[in-house]
S.K.: 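If you scroll down you'll find the structure; I have some questions about it.
Numbering of ligands and ligand atoms starts at 1, following listing order. All heavy atoms count here, side chains included; hydrogens, waters and symmetry mates do not.
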Amino acid sequence: MAIAPRTPLIAGNWKMNLDHLQAVAFVQKLHWTLKDAKHEDGSVEVAVFPPFTDLRTVQTLLDADKIPFALGAQDLSAHDSGAYTGEVSGAFLAKLDNRYVIIGHSERRQYHAESDEVVAAKVKAALRHGLIPVICVGETSEDLEKFGASAVPVAQLTAALAGVKADAEIVVAYEPVWAIGSGQAATPQQAQDVCATLRGVIAEKLGADAAAKTRVLYGGSVKAANIASFMREPDVDGALVGGASLVVDEFAAIIRYQKHVGV
Ligand code: PGA
């Protein structure tokens, strides 16, 4: 699937939800819903990030039914192979036609103690295997109070981009930790400010070209009711959606945000 630069990306992070049978039913229903609405015209890229155990099944379905959704994994190992019990190599994900892999989600940083160094190693592992890392950054409410909204995301992104080449394809997701699953999304202006600042970090580390091409997403309590207000912002190129990506009609309405933006 050839994709125009900065095509809006609506990404559904299912987290630890939906087994492989539920995943099939979900993807089919989403596809039918969007097809009925004539919304599979390529103006928005749709990506789903199921659990590891669903990936082969979803890959087969997308392929067999020619469903134009991209596939992504929720994590990968920093290593390529070997004695790492329970880990999943980027090589295996690439073999399953994954296009994306989420790296450094705040739930990984929080529950699995993933440091900036681990995140940076995983970004390199993804790129080694031709996967596009979706690099997640975001501040907690304590960070927000102490340092403001940009300081922590800027530090996290700077660390994640160490050693990344200027021509590498990456996606960045600004996900304030306080907005994830809380029902309290950032305001569009807050999202715009941080996304613009993160684009500045990309410019500094990878150059102006990369900054102009890279998609910066907002994530955290995105819903059908607020997506259009985020997508109106010039530096927000899409959304990483958690809870609302598990409800077909809601996720389809998010993907069809242009209806609400009036473009
Ligand atoms: P949420 O999750 O949409 O449920 O807030 C977003 C995420 O964690 O990626």
S.K.: Quick test of your reading of the structure: of Gly243, Gly183, Gly138, Cys136, whose heavy atom lies closest to atom 4 (O) of ligand 1?
M.R.: Gly243
S.K.: I need the atoms of ligand 1 closer than 4.0 Å to a non-hydrogen atom of His105, numbered in the order shown.
M.R.: 7 (C), 8 (O), 9 (O)
S.K.: Inspect the contact between Asp65 and Lys35 and indicate whether a charged nitrogen and a carboxylate oxygen are less than 4.0 angstrom apart.
M.R.: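 Answer for the salt bridge query: no.
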S.K.: Nearest 0.5 Å please: distance from the CD1 atom of Ile202 over to the CD1 atom of Ile170.
M.R.: 5.0 Å
S.K.: So, 4.0 Å and heavy atoms of Gly219: is ligand 1 close enough to count as a contact?
M.R.: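 No, Gly219 has no heavy atoms under 4.0 Å from ligand 1.
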S.K.: Show which atoms of ligand 1 fall inside a sub-4.0 Å distance from at least one heavy-atom site of Gly220.
M.R.: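 It comes down to these atoms of ligand 1: 5 (O).
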S.K.: We want to know whether Glu175 and His105 form a side-chain donor-acceptor pair, criterion being a heavy-atom distance below 3.5 angstrom.
M.R.: yes
S.K.: At a 4.0 Å threshold, what atoms of ligand 1 neighbour a non-hydrogen atom of Gly181?
M.R.: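 By the 4.0 Å cutoff, the relevant atoms are 1 (P), 4 (O), 5 (O).
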S.K.: Short list, please: which atoms of ligand 1 are under 4.0 Å from a heavy atom of Leu240?
M.R.: 9 (O)
S.K.: Can you say whether the rings of Tyr84 and His79 are parallel (under 30°), tilted (30 to 60°) or perpendicular (over 60°)?
M.R.: parallel
S.K.: Give me the nearest non-hydrogen protein atom to atom 3 (O) of ligand 1 as residue plus atom name, then the distance to 0.1 Å.
M.R.: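 Answer, as residue, atom name and distance: Gly242 N, 2.8 Å.
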S.K.: Hey, is Ala244 one of the residues with a heavy atom under 4.0 angstrom from ligand 1?
M.R.: no
S.K.: Looking at side-chain heavy atoms only, is the closest gap between Glu114 and Val119 below 4.5 Å?
M.R.: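 Yes, at least one pair of side-chain atoms sits under 4.5 Å.
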S.K.: Parallel under 30°, tilted from 30 to 60°, perpendicular over 60°: which one fits the rings of Phe49 and Tyr100?
M.R.: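 Tilted, since the angle between the ring planes falls between 30° and 60°.
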S.K.: Can you tell me if Asp143 and Thr140 form a side-chain donor-acceptor pair at under 3.5 Å?
M.R.: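 On atom types as modelled, these side chains qualify, holding a pair under 3.5 Å.
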S.K.: Looking at every heavy atom in both Asn226 and Lys223, which two are closest together, and how far apart are they?
M.R.: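 Heavy atoms of Asn226 and Lys223 come nearest at OD1-N, 2.7 Å.
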S.K.: Run the numbers for me: atoms of ligand 1, each under 4.0 Å from some heavy atom of Ser221, listed by number.
M.R.: 1 (P), 3 (O), 5 (O)
S.K.: Among Leu198, Thr197, Leu144, which one satisfies side-chain contact (heavy atoms from CB on, under 4.5 Å) with Ser150?
M.R.: Thr197
S.K.: Using heavy atoms and a threshold below 4.0 Å, how should the contact between Asn13 and ligand 1 be classified: side chain, backbone, both, or neither?
M.R.: side chain
S.K.: Just need the protein heavy atom nearest to atom 9 (O) of ligand 1, so name the residue and atom and give the distance.
M.R.: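 Nearest neighbour among protein heavy atoms for atom 9 (O) of ligand 1, to 0.1 Å: Glu175 OE2, 2.7 Å.
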S.K.: Within the structure, is a non-hydrogen atom of Ala179 found at a distance of less than 4.0 Å from ligand 1?
M.R.: yes
S.K.: Measuring from the heavy atoms of Lys223, does anything fall under 4.0 Å of ligand 1?
M.R.: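 The answer is no, since Lys223 has no heavy atom less than 4.0 Å from ligand 1.
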